[in-house]
Colleague: 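Submitted below is the structure of interest, expressed as structure tokens.
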Amino acid sequence: MMRVTFIHADGKGRTEAEAAPGDILLDVAQAYLMPLEGTCEGQMACSTCHVIVARGDFDRLPPASEEEEDMLDLAAGARRTSRLSCQIVLTEALDGLTVHIPGESRNMQGAR
């Protein structure tokens with residue numbers, strides 16, 4: 001098993017999660033009740049699973065696809081280290097990954 005840390009949107013709380021290699025980050029987040037919708041169920045048709053990866057961990061991820069980059073352009077509060085959690089397949093090399101839950105998300109109906 002590996003560990004993933006979710007920093008809550010308020011910046012104060014944190015949740016330590018366990019995951020197995022091959023798990024999708026969005027699925028792990030939802031299993032630990034993180035407020036990530038994943039409205040499109042991983043089809044990259046929304047940005048409701050947007051997370052901000054800790055700077056020290058960002059370079060450990062494989063590069064985002066062009067489609068993911070396009071969706072991140074629509075994500076509320078996107079930053080240089082933003083990624084869609086539905087596109088992050090956890091590997092042993094990502095053990096200890098830390099991601100921040102954004103304070104807002106945007107789906108096809110607008111911001112919430």
Side-chain angles (χ1 to χ4, degrees):
M1 294 302 279
M2 50 187 291
R3 307 221 26 101
V4 176
T5 301
F6 295 99
I7 306 298
H8 300 186
D10 65 7
K12 298 175 185 172
R14 62 190 300 131
T15 297
E16 300 287 335
E18 288 188 349
D23 286 349
I24 305 295
L25 184 60
L26 174 60
D27 296 336
V28 175
Q30 290 175 334
Y32 281 84
L33 305 177
M34 295 296 101
L36 297 178
E37 289 181 43
T39 303
C40 73
E41 299 178 355
Q43 301 301 308
M44 279 196 294
C46 73
S47 60
T48 61
C49 69
H50 163 235
V51 294
I52 301 163
V53 178
R55 285 186 193 270
D57 292 335
F58 187 75
D59 290 335
R60 293 196 290 152
L61 297 172
S65 68
E66 188 173 329
E67 292 110 344
E68 182 179 356
E69 291 285 350
D70 289 346
M71 289 312 305
L72 287 168
D73 288 342
L74 304 174
R79 298 188 182 150
R80 188 184 69 75
T81 61
S82 290
R83 292 295 299 267
L84 298 180
S85 61
C86 70
Q87 298 302 303
I88 298 175
V89 178
L90 297 171
T91 64
E92 289 183 15
L94 295 175
D95 188 23
L97 181 71
T98 298
V99 297
H100 299 258
I101 305 297
E104 63 179 315
S105 68
R106 184 174 295 132
N107 63 23
M108 300 309 247
Q109 288 77 41
R112 95 172 149 87

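Atom set for the values below is all heavy atoms of this structure, side chains included, hydrogens, waters and symmetry mates excluded.
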Colleague: Tell me the closest heavy-atom pair linking L90 and A19, and the distance in Å.
Modeller: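 Reported closest heavy-atom pair: CD1-CB, 3.6 Å.
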Colleague: Measure the CG-CE distance between D23 and M2 for me, rounded to the nearest 0.5 Å.
Modeller: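 D23 atom CG to M2 atom CE measures 8.5 Å (nearest 0.5 Å).
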Colleague: Looking at residues at least two apart in the chain, or sitting in another chain, which of them share a side chain to side chain contact (heavy atoms under 4.5 Å, CB included) with T91?
Modeller: A93, L94
Colleague: Is there a path of hydrophobic side-chain contacts, each under 4.5 Å between heavy atoms of I/L/V/M/F/W/Y residues, joining I7 to Y32?
Modeller: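 No, separate clusters.
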Colleague: Mind checking the CG-CZ spacing from D95 to R60? Nearest 0.5 Å is all I need.
Modeller: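 Output value for this atom pair is 7.5 Å.
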Colleague: Would you say CD of E16 has more than 12 non-hydrogen atoms from neighbouring residues, nucleotides or ligands within 6.0 angstrom?
Modeller: yes
Colleague: How close do A9 and G103 get, heavy atom to heavy atom, and via which atoms?
Modeller: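 Heavy atoms of A9 and G103 come nearest at CB-CA, 3.8 Å.
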Colleague: Is the shortest side-chain heavy-atom distance between T5 and L97 below 4.5 Å?
Modeller: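 Side-chain contact under 4.5 Å: no.
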Colleague: Should the heavy atoms of other residues, nucleotides or ligands under 6.0 Å from CZ of R3 be counted, would the total exceed 12?
Modeller: yes
Colleague: Which atoms form the tightest heavy-atom contact between L26 and G38, and what is the distance?
Modeller: CD2-CA, 3.9 Å
Colleague: Looking at I52, D57, V51, which hits side chain to side chain contact (heavy atoms under 4.5 Å, CB included) with V99?
Modeller: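 It is V51; the other options fail the test.
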Colleague: For residues S47 and L72, determine if any side-chain heavy atom of one lies less than 4.5 Å from a side-chain heavy atom of the other.
Modeller: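 They are not in side-chain contact.
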Colleague: Between the main-chain N or O of R55 and the side-chain N or O of R80, is there a donor-acceptor pair closer than 3.5 Å?
Modeller: no
Colleague: Could you grab the distance from atom CZ of R14 to atom NE2 of H100, nearest 0.5 Å is fine?
Modeller: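 R14 CZ to H100 NE2: 8.5 Å, rounded to 0.5 Å.
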Colleague: Distance from E68 atom CD to S82 atom OG, nearest 0.5 Å?
Modeller: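 Going from the CD atom of E68 to the OG atom of S82 covers 9.5 Å.
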Colleague: Would you please test I24 and I88 for side chain to side chain contact (heavy atoms under 4.5 Å, CB included) and show each step?
Modeller: CA-CA 6 Å; I24 305 295; I88 298 175; over 6 Å; no
Colleague: Check P21 against E92 and note the closest heavy-atom contact, atom names and distance.
Modeller: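 Shortest heavy-atom separation between P21 and E92 comes out as CG-CG, 3.6 Å.
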Colleague: Identify the residue among T48, L36, I101 that makes a side chain to side chain contact (heavy atoms under 4.5 Å, CB included) with S85.
Modeller: L36
Colleague: Look up atom CG in D27 and atom CD in E41, then write down how far apart they are to the nearest 0.5 Å.
Modeller: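 That separation rounds to 10.5 Å.
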Colleague: In Å, rounded to the nearest 0.5 Å, how long is the span from CD of E69 to CE of M44?
Modeller: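 If we round to the nearest 0.5 Å, E69:CD and M44:CE are 10.5 Å apart.
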Colleague: State, with a plain yes or no, whether a side-chain heavy atom of E37 is found less than 4.5 Å away from one of C46.
Modeller: no
